[in-house]
Protein chains: 2
Amino acid sequence: MNSISLKETSYSILADIAKAIGHPHRLELLELVAQGPKSVDTLAREARMSFANTSQHLQRLKQFKLVKTKRDFTTIYYTIADDSIPMLIKYLHQTGFNLSQDFKHTLSSYRSNELIKTVSFEELESQEYILLDVREETEFNFGHRQGALNIPHTKIKSSLTKLDKSKLIVAYCRGELCSYADTVVQKLTDAGFNAVRLKDILMTKSA
Amino acid sequence: MNSISLKETSYSILADIAKAIGHPHRLELLELVAQGPKSVDTLAREARMSFANTSQHLQRLKQFKLVKTKRDFTTIYYTIADDSIPMLIKYLHQTGFNLSQDFKHTLSSYRSNELIKTVSFEELESQEYILLDVREETEFNFGHRQGALNIPHTKIKSSLTKLDKSKLIVAYCRGELCSYADTVVQKLTDAGFNAVRLKDILMTKSA
DNA sequence: TATTAATTCAACTATTCAATTGAATAGCAT
DNA sequence: ATGCTATTCAATTGAATAGTTGAATTAATA
């Protein structure tokens, strides 16, 4: 193999990976499985895609080795295949943010319009706050930010007594495109809490 | 706009960027323009693509705002549109390396077979060496690693007297898929120099 | 104004990708 | 062996992408 065909082969492999993430559904599926093992049924529901379409996209991700599978009796769980993939998607978000005014502004103006404040760790400084992970318990167990309290977004209303009204509540979920933290911030604010959403995007297993 | 359509819009934008880099030719063109402004003619020649095809791919990259253009009389120069793009491609390389045995091994076994030693900065430690940038002078001027000497790969044979045989020569070019540094290492070794290729991949403007 | 250089656009053909529908498969329990 | 649950596969239709050929456009020069 000479250096030209080597170059062509190598670029083709990289292009295949980029194509694998070059569809909105597959990007979302990857961000979901990065939070922990999930079944096809769970992924289809969370992402609001048809079952067959979800399975088709998962086959493509599997074909290019971005996901791997583990069967538990009749249920097949999909997981992220390598820790570099969430990093790659993080940089894709960064590039999207830098290149696309639509990407940059529609998210922030939506949150601004809904009166959802966002905050980064740097902005929090030494201020006292409760870090609230609103993902499912299985996702929290798979990996979460240090010091976070887990209250799944569906259970927030029935868990208000667990929270201290004197402290700032900083909620996060699966990434910047996940709206569960938005919903939680709104509900907590309505209930008299001082609640904001964490800005930092898609995290690795343990922060 | 509700949160679901916001999510869909945002993922579509990110997917478009991923699709834009989801072709071997476009990946190569991006790595070339990351080294400094280049004309269509130059890009077609360097990448060994037809002129029309090169132009078509550049239009697609421009459509998704990964490149921008600047006209100098009749010549149009293409440049990288944002510094996050080389970072994104760097992570794509990392993911390719982690996921694909072919990607990981064909490059290193090719170099191993051609007796081209590779070395990283960490491995160099405090050893004395000459850092040799073998790209074109225009690329070197656009940005290069600190302390590097520039001898374009086409001029290496006529520049041997510029190099100190008592020192290790560490050559680099545009990235891990660029073979110019391979060629230079071979020629220098044949001429009695102790020459290796730098491992670290695609760099930003100034190291 | 005509010519040249550099580049983009349009049309065509071939190939690949995406969503849906329905069939087939895999594993487990009875 | 049969039935159930969960999932994958195959075929179809339509959309999107890729490379080539040749025409058209843009800018500068004579």
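Note that the structure is predicted; figures quoted are calculated from it, not measured. Every chain is numbered from 1 and lettered A, B, ... according to where its sequence line falls, protein lines coming before strand lines.
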Side chains of D182(B) and Q186(B) only: does a donor on one sit below 3.5 Å from an acceptor on the other?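 Short answer, no.
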Would you kindly say whether S84(B) and D82(B) are connected by a side-chain donor-acceptor distance under 3.5 Å?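 Yes, side-chain donor-acceptor contact under 3.5 Å.
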Could you check which residues of residues 63-78 of chain A get a heavy atom under 4.0 Å from DNA chain D? Sort them by number, please.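 Output list: T74(A), T75(A), I76(A), Y78(A).
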Mind running a 4.0 Å heavy-atom check of residues 19-27 of chain B against DNA chain D and sending the residues that fall below it, in number order?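 Under 4.0 Å from DNA chain D: K19(B), H23(B), H25(B), R26(B).
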How about Q59(A): does its CD atom have over 12 heavy atoms from other parts shown lying under 6.0 Å from it?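 Buried by this count: over 12 neighbours within 6.0 Å.
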Check whether Y77(A) forms a cation-pi arrangement with R71(A) (NZ or CZ under 6.0 Å from the six-membered ring centre, at most 45° off the ring normal).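 So R71(A) doesn't make the cation-pi contact.
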Keeping to residues at least two apart or across chains, list the salt bridge (charged side-chain N to carboxylate O under 4.0 Å, His left out) pairs with something in residues 42-69 of chain A.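 Output for this query lists D41(A)-R45(A), E46(A)-R174(A).
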For DNA chain C, determine which residues of residues 46-57 of chain A have any heavy atom closer than 4.0 angstrom to one of its atoms, and list them numerically.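 Residues of residues 46-57 of chain A under 4.0 Å from DNA chain C: S50(A), A52(A), N53(A), Q56(A), H57(A).
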Relative to the ring of H25(A), is the ring of H57(A) parallel (under 30°), tilted (30 to 60°) or perpendicular (over 60°)?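 Aromatic pair H57(A)/H25(A) classed perpendicular.
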Return each pair, listed once, that meets side chain to side chain donor-acceptor pair (under 3.5 Å) where at least one residue sits in residues 10-23 of chain B; pairs must be two or more places apart or across chains.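 For residues 10-23 of chain B: E31(A)-Y11(B).
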Using every non-hydrogen atom in the two residues, find where R197(B) and V185(B) come nearest and quote the distance to one decimal.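 Where R197(B) meets V185(B) most closely, the heavy atoms are N-CG2, 3.8 Å.
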Given the side-chain rings of F103(B) and F97(B), with only the six-membered ring counted for Trp, is the space between their centroids under 6.0 Å?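 So the answer is no for these two rings.
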Under a criterion of less than 4.0 angstrom to any heavy atom of chain B, what are the 5'-terminal and 3'-terminal contacting nucleotides of DNA chain D?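 Result: dT17(D) to dA28(D).
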